[in-house]
Amino acid sequence: MANTSRSIHGQWSSRFAFILAATGSAVGLGNIWKFPYITGENGGGAFVMVYLACVAALGIPIMIAEIMLGRRGRQSPINTMQSLAQEAGRDPRWHYLGWSGMIAGFLILAYYSVIAGWAMAYIFKAFFGAFIGSDAIEIKQLFDDLMAKPTQQIFWHSAFMFLTMAVVMRGVQGGLEKAVRFLMPTLFVLLVVLVGYAMTTGTYDQGVDFLFTPDFSKIDADAVLTAMGHAFFTLSLGMGAIMIYGSYLPGDVSIARTTFYIAGADTVVALLASIAIFPLVFANNLEVGAGPGLIFQTLPLAFGQMTGGWLFGIVFFVLLFFAALSSSISLIEPAVAWLVENREIERHQACVWSGLSCWALGVAVVFSFNVWSDVTLFGKNLFELLDYLTANLLLPLGGMAIAIFVGWQMQRHHAEQELALPSSGFDVWYLLIRYLAPAAVFLVFLHVAGIL
Ligand code: PFF
């Protein structure tokens with residue numbers, strides 16, 4: 001029988017609305033900004049293969065599990081974990097899994113908002129024609145200038161955080177559903193246009209070879225961890241974002257089918273962005289391992305040279321900004337829902353408190369790109385540290401814990417009831433969730449720790 005309960009925070013208006021919102025959460029800076037640069041830093045093809053394998057074997061099964069937990073619990077991740085643990089007669093301390101997710105979301109949003117601020121700054125640069133006719137050195141200079149200026153970055157970071165809070169305040173259906181309906185298809189079309197441009201660079205084949213010809217000698221345990229961590233990051237897994245979105249999902253929607261759409265769209269966007277970027281890197285003798293500035297130093301070159309580039313440049317950065325916004329709201333939603341449930345405050349107050357504290361940490365992240373760039377711990381500045389701690393540790397651990405909970409703690413028939421899959425499909429998923437997912441994450445950790 002379908003689950004007919006509802007969350008006190010609201011519900012998506014339809015299955016399609018959920019797909020859009022969850023795709024909005026998944027598709028973001030991770031796909032367009034992060035995936036290309038970590039692929040560049042980790043040698044290309046082999047990294048892409050490991051990433052795709054992680055999406056298929058870990059990401060999809062864990063996404064199904066996380067949405068299912070959310071829909072069964074119908075509360076913030078912390079309370080959902082507590083009540084599902086009780087329902088299964090297990091230790092209520094499973095709610096710490098919700099805590100770890102909430103903290104991860106908070107830490108991610110602090111730097112996510114700074115990068116989204118860069119995208120906003122670039123909308124204006126594009127508008128004022130800053131890319132037109134510029135060569136690679138001038139474009140790099142533009143980026144370096146922005147990095148050197150904390151006040152500008154803080155301004156844009158503040159603006160982005162403000163907008164995130166403004167959307168989250170409006171609740172589930174109010175702002176968000178509408179924005180993503182228009183955004184996703186347009187983003188896709190624009191990426192195809194950029195890939196079209198990349199085909200004209202003369203280095204298209206070199207770019208595609210770099211991405212799809214695996215050379216496994218370039219990959220070590222750390223690269224595998226980064227690829228696995230990114231599979232969690234890009235699908236918004238392991239921290240309760242997809243869980244809370246699942247808690248607003250009507251009871252009669254098929255979770256497994258929807259998951260395939262979301263993961264498929266997410267993967268296609270990441271691959272298209274990379275296919276658009278790497279030919280430009282090679283055509284302009286840029287550094288594949290340029291790091292977080294990669295898209296800001298490559299795509300403006302294309303906009304500066306192609307016909308219609310002025311308009312495409314503006315539209316692209318507007319879309320990147322929207323893609324970031326539809327993800328950032330899901331990063332903060334678990335904390336907001338928990339504050340409303342447990343502290344009995346209004347939704348708008350919860351948004352202000354969580355948003356402000358995240359903003360403050362974001363200001364410190366801005367400094368890590370300039371005045372505090374030398375302040376490091378384990379050889380990483382604050383931005384790198386937050387990124388590593390969340391994407392490479394907290395999210396995979398959260399994903400592993402979700403798999404263990406669903407595979408070993410929850411009653412099988414509850415999962416069967418919630419997923420309503422044909423039995424062969426359920427069996428495959430259950431095997432992956434019980435054995436493969438926890439074991440794979442664990443093995444990667446052992447490797448990185450040098451134990452294996
Ligand atoms: N999936 C988003 C991206 O790829 O940009 C980032 C993200 C959103 C990560 C929500 C985690 C999350 F819970």
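Note that ligands are numbered from 1 as they come in the structure, with each ligand's atoms numbered from 1 the same way.
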TODO: Look at atom 13 (F) of ligand 1 and find which of His230, Lys34, Glu66, Met239 reaches it with the closest heavy atom.
DONE: Met239
Task: Residue part near ligand 1, for Ser236, under 4.0 Å between non-hydrogen atoms - done: both
TODO: May I ask whether Tyr112 has any heavy atom positioned less than 4.0 angstrom from an atom of ligand 1?
DONE: yes
Task: Distance-only N or O hit between ligand 1 and Leu395, under 3.5 Å - done: no
Open item on the list: Please determine whether the number of non-hydrogen atoms from other residues, nucleotides or ligands lying under 6.0 Å from atom CH2 of Trp359 exceeds 12.
Closed with: no
Open item on the list: I want to know if ligand 1 touches Ser25 in the polar sense, i.e. an N/O pair below 3.5 angstrom.
Closed with: yes
Task: Aromatic contact, Tyr197 with Phe312 (centres under 6.0 Å) - done: no
- [ ] List the closest protein heavy-atom neighbour of atom 9 (C) of ligand 1: residue, atom name, distance to the nearest 0.1 Å.
- [x] Phe233 O, 3.2 Å
Task: Leu29 N/O under 3.5 Å from ligand 1 N/O - done: yes
Task: N/O donor-acceptor pair under 3.5 Å between Gln153 side chain and Leu146 backbone - done: yes
Open item on the list: Taking the ring of Phe35 and the ring of Tyr51, is the distance between their centroids below 6.0 Å?
Closed with: yes
Open item on the list: I'd like to know whether ligand 1 has Ala26 as a neighbour, heavy-atom separation below 4.0 Å.
Closed with: yes
TODO: Give the atoms of ligand 1, by number and element, whose distance to some non-hydrogen atom of Thr234 is under 4.0 Å.
DONE: 1 (N), 4 (O)
- [ ] Give a yes/no verdict on a cation-pi contact between Lys125 and Tyr122, requiring under 6.0 Å between NZ or CZ and the six-membered ring centre and an angle within 45° of the axis.
- [x] yes
TODO: Give the minimum heavy-atom separation between Ile402 and Glu66, together with the two atoms involved.
DONE: CD1-OE1, 3.4 Å
Task: Short N-O contact, Lys149 and Asp145, less than 4.0 angstrom - done: no
